[in-house]
Amino acid sequence: MTDPIDVSGLIDIHVHCGPSPFDRRTDGYECAREAADAGMDAVVLKEHHLPTAYGVPYIDRLLERDGLEIDVIGSVVLNYCNGGFNPFAVESAIAYGADVIWGPTIDARHHAEQTGSLGAFLGVDAGAEYEDQDGISALEDGDLTDDVRLCLDKVIAHDVVFCLGHLSYEETVAIVDYLAEAGHERIVVDHPNYGVTDLSIDQQRTLAERGAYLNFPFMGLSPKYSWISSEELYANIREIGVDRCVLSSDVGQQVNPSSPESLRILGETLRSEGLSEPEFRTMAGETPRSLLFE
């Protein structure tokens, strides 16, 4: 019998928490505590609406009170409630300690085109304020908008991670190129197999070659969402290469397990397909550490 996958020392670069309009299984403190109890090194807290960076100092105080050690990383998602591609929001979030900036997700124009819905997500309806909105796009007449460039310039200047969110391939390529041409290496393309992002292997390979990392979450294998099989995920990682891939959980929903348990299941599943444990630890530990801390 093989030893179980050890999640100690791992880093979850994509996990959702409350408070949130969505029904989350934990708040930020509870999420961090579960990860700390499992021996993980860090979690990046994501929320589609308000920045999580503002709550991190309070989470840290509670963890210190309880004698727990883990790095809790705050972020902001550039959806409408944060002004979309708003350089003021980016600067403010970074000043509050955000080390990860996400592009638009549920408010992205591409998200609406793929799902038929803007703002509404996971059972939460969009308000009347969405009625006259087309969704947030990074491009105008094929070029990055001035506000997008200002946001990316702040990402570069502060050397933080930029995750692409739910943008289209065309938007993603343009942003990856802009960042890479400036020498910025902290670039992550989220869940490339998800029905919204839906990137082909060739598109993924192009993004990796241009400097991005591809983030494959447990969420894609979870019983509720299951947008990719374990065989397909393993083959996808082999096509791109372990050195350009990241593994995360993307959990926080009531139907999914905790961050550490999700990573353990993801690791066990990929190991059953042929992935080695050192390769798993590279994608779920060493590469996220490099993106966030080195």
Side-chain angles (χ1 to χ4, degrees), residues 12-17 20 22 24 44-49 75 77-79 100-124 135-138 161-173 175-176 187-208 212-240 244-257 259 262-263 265-266 269-270 273 283-284 287-288:
D12 192 349
I13 201 170
H14 188 155
V15 59
H16 295 273
C17 68
S20 170
F22 302 120
R24 299 305 189 193
V44 176
L45 301 180
K46 180 182 181 184
E47 208 285 302
H48 289 290
H49 297 88
S75 68
V77 183
L78 301 181
N79 283 323
V100 177
I101 310 297
W102 257 281
T105 55
I106 60 175
D107 291 341
R109 185 176 302 171
H110 180 69
H111 179 99
E113 291 170 350
Q114 294 293 97
T115 66
S117 178
L118 185 67
F121 195 56
L122 297 179
V124 175
I136 303 165
S137 176
V161 177
F162 189 84
C163 297
L164 274 297
H166 295 187
L167 298 175
S168 69
Y169 175 66
E170 291 73 21
E171 293 170 290
T172 297
V173 167
I175 289 174
V176 169
I187 313 168
V188 179
V189 175
D190 299 294
H191 38 54
N193 311 109
Y194 176 42
V196 172
T197 40
D198 194 24
L199 301 176
S200 69
I201 294 294
D202 285 343
Q203 289 172 331
Q204 293 177 42
R205 188 180 293 113
T206 295
L207 293 168
Y213 290 87
L214 285 299
N215 177 18
F216 297 96
F218 162 82
M219 180 84 149
L221 296 175
S222 69
K224 171 67 175 177
Y225 299 99
S226 189
W227 63 67
I228 192 170
S229 70
S230 59
E231 296 88 353
E232 291 169 330
L233 177 56
Y234 174 73
N236 196 153
I237 290 169
R238 288 295 181 214
E239 287 280 355
I240 303 305
R244 300 308 300 182
C245 294
V246 176
L247 298 175
S248 68
S249 74
D250 196 9
V251 298
Q253 309 78 17
Q254 290 287 1
V255 297
N256 279 326
S259 166
S262 297
L263 290 177
I265 296 171
L266 180 57
T269 302
L270 288 171
E273 297 296 337
M283 293 184 285
T287 299

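Taking all atoms of both residues into account, the shortest heavy-atom contact from Gly119 to Asp107 is CA-OD1, 3.4 Å. The minimum heavy-atom distance between Leu118 and Ala108, with the atom names listed, is CD1-O, 3.7 Å. Of all heavy-atom pairs spanning Ser229 and Leu221, the tightest one is C-CD2, 3.7 Å. The two residues Leu266 and Ser248 come nearest to each other via the heavy atoms CD2-O, 3.6 Å. When all heavy atoms of Arg244 and Ala212 are compared, the pair lying nearest together is NH2-O, 3.2 Å. Ile136 and Pro104 make their closest contact through CG2-CG, 3.6 Å (heavy atoms, listed as atom of the first residue, atom of the second, distance).
Thr105 and His166 form no side-chain donor-acceptor contact under 3.5 Å, judged by distance and modelled atom types alone. Judged purely by distance below 3.5 Å, without hydrogens or angles, the side chains of Trp102 and Asn79 never pair a donor atom with an acceptor atom. Side-chain contact annotation: Asn236 with Glu239, donor-acceptor N/O pair under 3.5 Å absent. Under 3.5 Å, the side chains of Thr206 and Gln203 contain no donor-acceptor pair of N or O atoms.
Contact annotation: the side chain of Gln253 approaches that of Tyr225 to within less than 4.5 Å [non-hydrogen atoms, C-beta and beyond]. When side chains are defined from C-beta on, Tyr213 counts as touching Thr287, because their heavy atoms get closer than 4.5 Å. Side chains of Arg205 and Ile201 form a contact here, defined as non-hydrogen atoms less than 4.5 Å apart. Looking at heavy atoms from C-beta onward, Gln254 lies out of side-chain contact with Arg24 at the 4.5 angstrom threshold. Val100 places a side-chain heavy atom less than 4.5 Å from the side chain of Cys163. Side chains of His48 and Ser20 form no contact here, defined as non-hydrogen atoms less than 4.5 Å apart. Contact annotation: the side chain of Val173 approaches that of Leu207 to within less than 4.5 Å [non-hydrogen atoms, C-beta and beyond].
Side chain of Glu47 to main chain of His49: a donor-acceptor pair is present (N/O by atom type, distance under 3.5 Å, no hydrogens or angles). A donor-acceptor contact shorter than 3.5 Å is absent between the side chain of Glu170 and the backbone of Leu167. With Gln114 contributing its side chain and Thr197 its backbone, the two residues share no donor-acceptor pair below 3.5 Å. Side-chain atoms of Asp12 come within 3.5 Å of backbone N or O of Ser249 as a donor-acceptor pair. A distance-only check finds no donor-acceptor pair linking the side chain of Glu273 to the backbone of Tyr234 [under 3.5 Å]. Within the 3.5 Å criterion, the main-chain N or O of Gly165 finds a donor-acceptor partner in the side chain of Asp190.
Ring geometry for Trp227 versus His191: interplanar angle over 60°, hence perpendicular rather than tilted (30 to 60°).
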Go through it in stages, so that I can follow the logic: the residues are Asn215 and His14, the test is side-chain contact (heavy atoms from CB on, under 4.5 Å), and I'd like the CA-CA distance, side-chain angles, deciding distance and then a yes or no.
CA-CA 9 Å; Asn215 177 18; His14 188 155; 3.6 Å; yes

Report the C-alpha distance between Val189 and Thr172 in whole Å, list the side-chain angles of each, state the deciding distance to 0.1 Å, and finish with yes or no for side-chain contact (heavy atoms from CB on, under 4.5 Å).
CA-CA 8 Å; Val189 175; Thr172 297; 4.0 Å; yes

Quick one, Asn193 with Asp198, criterion side-chain contact (heavy atoms from CB on, under 4.5 Å). Give me CA distance, side-chain angles, the key distance, then yes/no.
CA-CA 5 Å; Asn193 311 109; Asp198 194 24; over 6 Å; no

Output, in order, the C-alpha distance, side-chain angles, deciding distance and verdict of side-chain contact (heavy atoms from CB on, under 4.5 Å) for Phe218 and Ile265.
CA-CA 8 Å; Phe218 162 82; Ile265 296 171; 3.8 Å; yes

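Taking OG of Ser262 as the start and CG of Leu247 as the end, the distance is 12.0 Å to the nearest 0.5 Å. Note: Leu164 CG to Leu199 CG = 9.0 Å, rounded to the nearest 0.5 Å. Atom OG of residue Ser168 and atom NE2 of residue His110 lie 5.5 Å apart, to the nearest 0.5 angstrom.
A side chain to side chain contact (heavy atoms under 4.5 Å, CB included) with Phe216 is found for one member of Asp250, Leu270, Leu233 and no other, namely Leu233. A side chain to side chain contact (heavy atoms under 4.5 Å, CB included) with Val15 is found for exactly one of Val251, Val44, Leu263, namely Val251.
A distance of 6.0 Å or more separates the ring centres of His16 and Phe22. Ring centroid separation for the pair His111 and Phe121 comes in under the 6.0 Å cut-off.
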